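Report on the following structure.
Since we're looking at a predicted model, the values are computed, not measured. The figures here come from the full heavy-atom set of this structure, side chains too, leaving out hydrogens, waters and symmetry mates. Naming: A, B, ... by sequence-line order, numbering from 1 per chain.
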Protein chains: 2
Amino acid sequence: MSALAAEPSAATHEDADRDAATKALVLTTAERLFAERGLRCVSVRDITAEAGVNLASVNYHFGSKDTLVFEIFRRRAAELSRDRARMLHEAQARHGGQAPVREILAALMAPPLLWSRPGHPRRIAMQFIIRARGEGGEAVREAVGKDVSHLRPFVAALIAARPDLPPEEVHWRLHFVLGMVHNNRVAEFERLHVLSEGLTRDGDTEALLNRMLDFAEAGFLR
Amino acid sequence: MSALAAEPSAATHEDADRDAATKALVLTTAERLFAERGLRCVSVRDITAEAGVNLASVNYHFGSKDTLVFEIFRRRAAELSRDRARMLHEAQARHGGQAPVREILAALMAPPLLWSRPGHPRRIAMQFIIRARGEGGEAVREAVGKDVSHLRPFVAALIAARPDLPPEEVHWRLHFVLGMVHNNRVAEFERLHVLSEGLTRDGDTEALLNRMLDFAEAGFLR
DNA sequence: TCCGCGTTCGAACGGACGTTTGAAGAGATT
DNA sequence: AATCTCTTCAAACGTCCGTTCGAACGCGGA
């Protein structure tokens, strides 16, 4: 752990794209490969070969493979949290500070669903996040487990929307909702389509979101 | 891939415990280690060392590490499915063939929850199943994804209980319920406890099951 | 021009892993 | 006792991986 290769240049503030095209190339290539094949099934050699850069680039720019994974995850997770927070804020603004349950849940559910749509610029990022949540190493798992700060505004909004419920109950119901959201993986959809023998067809994200909201809202308003 | 070591003895029917104590020991040790540390983080050497058997035992008795994983998973998953099916059958028997939604959902939710309780003989098995679902290789993933036959009785029961709903809608709602169930992992509970600052305390499985049933039933009866 | 610094490069290191091999052991059968 | 079969054993094989190393490169400033 002694001496680590110095962070290259670091530009003026934080944008490392200007001088290090290699670093940005590694970031995007790694994210895509990780999203496609999973974290463990993509080696540093796969990434550097696909990106057309030298093998040592990953360790030079990021220190280690784990750090690279964590770096990508940190950026994307923060981005997703911002998206959710913005939707919540908009909903609260629309209702004079007190958003109804359905719109709070929509702010929680919509971003990951929308990001997963084909053609969305964050589609790969969303797949990566899902992969990293399940397959990530110690660093990612800690980041996911301990950083719950972005959920606090949602808890507060839900408690305010249902002041008659014990806060304990609100937390449990939020847990159930998050379970519904996290279950929206490609493999699970395929499983559902096999089970329903083609009856359920994905692609209509709007309809799925409404179905989820109907279900979750009913559970929450009970 | 040519010649594979012959399956040892195979006893009279299928029970391989009589003559091969080693095989059974590998099975239980591997299941426990896999459940504790994850599939990728447990090597064949870890298993054989912990079990006190020779390194080659795994390949001799199971052919490969992947086959060993699949073997454990197949047994436990079948066991869980049987448990669920039995609960569903009992519920239907109680109501003259037509079980209400809540009891159908209980048959789906209760077994994995009960297995996870401290002290339950299938606690380790349940943790293994959860691990294998997420971290399993091609074989496990295919088994999970394609084998949906054990869910069909539940679909049929739910459609019968809510004949007014389009079958498509029933399938989607079942998908949501399964999301709730699959989210009951140790890491997620810890995350919830951090978020609620100790307000939510686990241990009371009965209460959690009732909470889940309340939530899911409301979403289903909507 | 020369120097310094950040970056890239090819090559290798050291280790962990799943798997294979061939011999040795054990127990029943002939 | 001899033979056969199933099982166990120690030792290694070959591969893939993350990481490190030292030299070369390119370029802006003295």
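- Distance B:Asp66 CG to C:dG18 P: 9 Å, rounded to the nearest Å.
- For the pair A:Thr22 and C:dT7, the criterion of a side-chain N or O lying under 4.0 Å from OP1 or OP2 is not met.
- The pair B:Arg75-B:Glu79 does not count as a salt bridge, with every side-chain nitrogen at least 4.0 angstrom from each carboxylate oxygen.
- Rounded to an integer number of Å, the gap from CZ of B:Phe62 to P of D:dT7 is 12 Å.
- A donor-acceptor contact under 3.5 angstrom links the side-chain atoms of A:Asn54 to the base of C:dG10.
- Atom pair B:Arg40:CZ and D:dG18:C1' shows a separation of 16 Å (rounding to whole Å applied).
- Nearest-nucleotide mapping onto DNA chain C: of A:Val53 and B:Ser43, the residue sitting toward the 5' end is A:Val53.
- A close approach under 4.0 Å does not occur between any side-chain nitrogen or oxygen of B:His61 and OP1 or OP2 of D:dC6.
- When the C1' atom of D:dC16 is taken as reference, atom CD1 of A:Ile47 falls 15 Å away, rounded to whole Å.
- Between B:His193 and B:Phe189, the two ring planes are parallel [angle under 30°; tilted spans 30° to 60°].
- For A:Ala56, whose side chain is taken as the heavy atoms from C-beta onward, the closest listed nucleotide among C:dG6, D:dC21, D:dT7 is D:dC21.
- Nearest-nucleotide positions on DNA chain C for A:Ser57 and A:Arg45 put A:Ser57 closer to the 5' end.
- Taking the ring axis of A:Tyr60 as reference, the NZ or CZ atom of A:Lys23 does not stay both within 45° of it and closer than 6.0 Å to the ring centre.
- Here C:dC9 presents its P atom at 12 Å from OH of A:Tyr60, a figure rounded to the nearest Å.
- The shortest distance between the side-chain N/O atoms of A:Asn59 and the OP1/OP2 oxygens of D:dG18 is not below 4.0 Å.
- In this structure, CG of A:Leu55 is placed 10 Å from C1' of D:dT20, rounded to the nearest angstrom.
- Between B:Phe128 and B:Phe73, the angle of the ring planes lies from 30° to 60°, which puts this pair in the tilted group.
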